[in-house]
Amino acid sequence: MTTLLEGLNPQQQEAVQHVDGPLLIIAGPGSGKTRVLVHRIAYLVRDLGVRPWRIVAVTFTNKAAREMKERLERLMGPQAHDLTMGTFHATCAMLLRREGDAIGLDRTFTIYDDEDQQDVIKQVMEELEIDPKRYKPQAILATISNAKSQLLTAEEYRLRVQNYFEEVVSRVYQRYQELLDRGNGVDFDDLLLKTYLLFHYHSDVLERWQERYLHVMVDEFQDTNVAQYAIARQLAGKHRNLCVVGDPDQSIYSWRNADIRNILSFQRDFPDAKTVNLAHNYRSSRTILEAASAVIAANTQRIPQHLTTSNPQGTPITVTEAYNEEEEALFILREVMRLAKTQHHSYRDCAVMYRTNAQSRALEEACAREAVPYKLVGGVKFYQRREVKDVLAYLRVISNPGDEVSLARILNVPPRGIGTKTVDQLTFMARARGLSLYATLEGLEQAHPAENLPWTPRSNKALTGFVHLLQGLRQESQRLQVADLVEAVVEQTGMRAHLKADRQDGEERLENIAELKAAAGEFNTLEPKEGLATLLERAALMSDVDKLDEEQQGITLITLHQAKGLEFPVVFIAGMEEGLLPHIRAIRDEDPAQMEEERRLCYVGMTRAKERLYLTHAFRRGFGGRGEPRIASRFLSDLPRQLIEAPTASTPPPVPRRRADLSPLPEPANTTSQKSPLKAGDKVHHPRFGEGIVVRCIPARDDHEVTVAFGNGQGVKRLLLSYAPLTRVQG
DNA sequence: AAAGCGTTTATTTTT
DNA sequence: TAAACGCTTT
């Protein structure tokens, strides 16, 4: 039997072997943190005889949990399945399904996503006659979410109201929670808050779970919020074996109420905690690590960390300016193709990271044009697509008829003649009778035909038809496998027919539904009821990174946030510009804390790279209307000069290839000097703007700025000669 | 009731 | 820019 300590450095070994009492592991990027966690668990089980079901490990994504389990399975066999492993949200969902009735939560509870929450908030605001223009539903929701993340219930929040806005929030929070509770629904924050409350008010339940979990581990601790840390403390309350792993420099989720102070709190709450510092990097080249360290070093609110590596120096970092986002994308793809051809890299080695999802578009389009396969992480999330959500809403109502958000969503989907007026009447009727919407609907069947109904007989027929539909489906859900239930929903509700009739994108939507059905198929082995519940939970808690498939060929397009925890041989960070990274918001708010988080985000991105790192920015970026001139990111100026490859012009198309690395000093002269500069009066052609006349051409930096008056109402544009695809035409 | 139109308005990151 | 909203028309 191989020892589990083999191949670990002294600090890593220390972390693995410290199993008695609290432990704080500060783990720099690429320091083998996952390895330590995996070996620590295996050590507990294999060498110390701890039963796997007595260990809980909380990860940041489901993917991380899955991968860790797979690695553990290799080390300790099938008993790895008995470990409790998942995100805080998934773990809490599990706890609440099992123990929820102690706090009045039925096990069929529905998990509301962001969109559902917004719906409820809007509904509440309408009811309370709060002007959504004056108080943005989003802002209110964010405030409620923040309160919940700090374990403040509606009642507790009410007592702390400081100003009028909070007063408004308080009222909305109160009613919002009433609606959720009544419909047996929970939002993301409730998964945490309610778990905390469950343990807080039911010591018998807490004691059972405290007793069970001998060891509690929390990964990505720097990105946990107050509620999550509180739950971890509750679970570890008996045996006090709480191990948290984190890196303050990689804390990038404060906007999601993550509280970096948790690390300080931990040291306060567990003064006897041992601290292990993992500062040796096994991932990145020396160049990449030095560059990243230089960027993060500019943060003032941090404890200086010195990271080391024994990796080779590697290749210099490439910093490139492109004319606009299209050419930025093109440059990246040309580079990817070049690496694939000449540097034994495959597409799946490469990732392009960016600050905002909107940036993926130019990249996607370029991939399509250049025929480079790609894997897009995020964007419009699969489970959030309208048609998918519609089917899911049916499934939710089938599983939990109290789910009024979903019920309201599907009442008239596909259109069946139940309009807003009828819905309003129905809601009113339900409230008057003190019944749920579903119960009210069911009541219509027995209604005497002579009874005075507030709508037309036609509407009534539509409503009773709808109830019958739901009743039928609920019946069938008892015996159908989940995938077949999806099929039944799509068929019987008329969604299929409706989508088929849609010539615009009906086909694509049907494909999405087919994909949902395939996803449901995974749970066909379960009991119908169980399978349905599992599918719904998966749909609510599945993130996009979770689906990222390393094996699949293609480059990865991903936001910097989602890239946390991943690594790639080749990384491009696109949009290294003021206003994007750092984001405009951090600049505008003049909040140093926000700016430091932007810098950490940049650091996280850079440290994902193993061998090659490219930082690109555009001279202009099409953001609303025409492209605005852009300034290179301040983070670029923190890069040590000697780590950057001397800039060469990249002018696609045609692409003047970087000279081979034979000559150590690329000539300072760039392509521009080879082109004969244009002069005023020349007729030129631009692939997008068409024909134009050069107004002037002046040297700018080591380039030429050409001013061209284009025809066709395109106007006068200033272009950089080395980037703009201008061709001279005779005339 | 539903589709179509024009206007507005806000632009991050996501379990 | 494009999405989302609110208004009008059919």
Side-chain angles (χ1 to χ4, degrees), chain A residues 58-65 86-93 111-115 117-118 122 132-133 136-139 141-142 145 148-149 186-192 220 223-225 227-228 251-258 325 353-362 377-381 383-384 411-423 455-456 458-459 462 498 502 504 537-546 558-564 575 579-589 594 597-598 600-602 604-605 621-628:
Chain A
V58 187
T59 57
F60 194 70
T61 61
N62 298 301
K63 179 168 181 275
T87 62
F88 263 108
H89 291 88
T91 308
C92 289
I111 301 171
Y112 286 153
D113 70 15
D114 191 64
E115 197 190 340
Q117 294 182 55
Q118 298 240 21
K122 282 182 191 154
K133 288 212 173 105
K136 286 183 225 132
Q138 266 217 34
L141 184 55
S145 169
K148 288 187 174 182
S149 303
V186 301
D187 62 25
F188 282 130
D189 301 305
D190 282 338
L191 287 172
L192 307 173
E220 305 284 7
D223 283 320
T224 53
N225 63 32
Q228 291 169 327
S251 151
I252 53 175
Y253 279 94
S254 73
W255 52 272
R256 218 175 72 187
N257 307 315
E325 58 201 326
M353 302 176 184
Y354 37 81
R355 178 65 229 267
T356 68
N357 276 311
Q359 288 171 261
S360 72
R361 227 187 85 183
V377 183
V380 190
K381 294 166 194 49
Y383 289 114
Q384 309 255 41
L411 262 171
N412 201 29
V413 173
R416 53 170 72 84
I418 304 175
T420 38
K421 248 177 103 182
T422 314
V423 175
W455 47 65
T456 61
R458 199 165 96 189
S459 296
H498 186 249
D502 182 358
Q504 283 246 304
E537 186 151 317
R538 150 93 76 117
L541 299 180
M542 218 5 207
S543 78
D544 292 293
V545 232
D546 295 336
I558 192 169
T559 65
L560 287 161
H561 280 92
Q562 297 189 107
K564 187 174 76 159
L580 218 41
L581 186 66
H583 192 267
I584 180 100
R585 195 136 165 179
I587 299 172
R588 210 197 298 124
D589 292 359
Q594 269 188 70
E597 183 148 318
E598 295 292 310
R600 291 195 291 270
L601 196 50
C602 182
V604 166
R621 192 170 292 274
F623 181 73
R626 52 174 88 279
E628 280 180 22

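Naming: A, B, ... by sequence-line order, numbering from 1 per chain.
- Taking atom CZ of A:R621 as the reference point, atom C1' of B:dT11 lies 14 Å away to the nearest angstrom.
- By the side chain to side chain contact (heavy atoms under 4.5 Å, CB included) test, A:P414 pairs with A:Y394, A:R416, A:T493, A:M495, A:H498, sequence neighbours left out.
- Side-chain contact between A:K122 and A:P132 is absent, with no heavy atoms from C-beta onward closer than 4.5 Å.
- By the side-chain hydrogen bond (donor to acceptor under 3.5 Å, both in side chains) test, A:T422 is found to be paired with no residue, residues two or more places apart in sequence or in another chain being considered.
- When heavy atoms are screened at a 4.0 angstrom cut-off, A:R361 is found touching the sugar-phosphate backbone but no base atom.
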Polar pairs (N or O, both sides) under 3.5 Å between protein and nucleotides 13-15 of chain B?
| residue | atom | partner | partner atom | Å |
| --- | --- | --- | --- | --- |
| B:dT13 | OP1 | A:N357 | N | 2.6 |
| B:dT13 | OP1 | A:N357 | ND2 | 3.0 |
| B:dT13 | O2 | A:W255 | NE1 | 2.9 |
| B:dT13 | O2 | A:R355 | NH2 | 2.7 |
| B:dT13 | O2 | A:H561 | NE2 | 3.2 |
| B:dT14 | OP1 | A:T559 | OG1 | 3.0 |
| B:dT14 | OP1 | A:Q562 | NE2 | 3.2 |
| B:dT14 | OP2 | A:N357 | ND2 | 3.3 |
| B:dT15 | OP1 | A:S543 | OG | 3.4 |
| B:dT15 | O4' | A:R256 | NH1 | 3.2 |
| B:dT15 | O4' | A:R256 | NH2 | 3.4 |
| B:dT15 | O2 | A:H89 | NE2 | 3.0 |

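- In this structure, A:K136 reaches neither bases nor backbone, as no heavy-atom distance under 4.0 Å exists between it and the strands shown.
- Between the CD atom of A:Q118 and the P atom of C:dA4 there is a distance of 10 Å, given to the nearest Å.
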Please list, pair by pair, any protein nitrogen or oxygen found under 3.5 Å from a nitrogen or oxygen in nucleotides 2-5 of chain B.
| residue | atom | partner | partner atom | Å |
| --- | --- | --- | --- | --- |
| B:dA2 | OP2 | A:N412 | ND2 | 2.7 |

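- Applying the ring-ring contact (aromatic ring centres under 6.0 Å, His included) test to A:Y253 and every residue at least two apart in sequence or in another chain returns A:F60, A:W255, A:H561.
- Residues forming a side chain to side chain contact (heavy atoms under 4.5 Å, CB included) with A:S145 (at least two apart in sequence, or on another chain): A:S149, A:D189, A:N257.
- Applying the side chain to side chain contact (heavy atoms under 4.5 Å, CB included) test to A:N62 and every residue at least two apart in sequence or in another chain returns A:T87, A:A90, A:D546.
- In this view, A:V58 and A:V56, A:F88 satisfy the side chain to side chain contact (heavy atoms under 4.5 Å, CB included) rule, not counting sequence neighbours.
- Residues forming a side-chain hydrogen bond (donor to acceptor under 3.5 Å, both in side chains) with A:Q228 (at least two apart in sequence, or on another chain): none.
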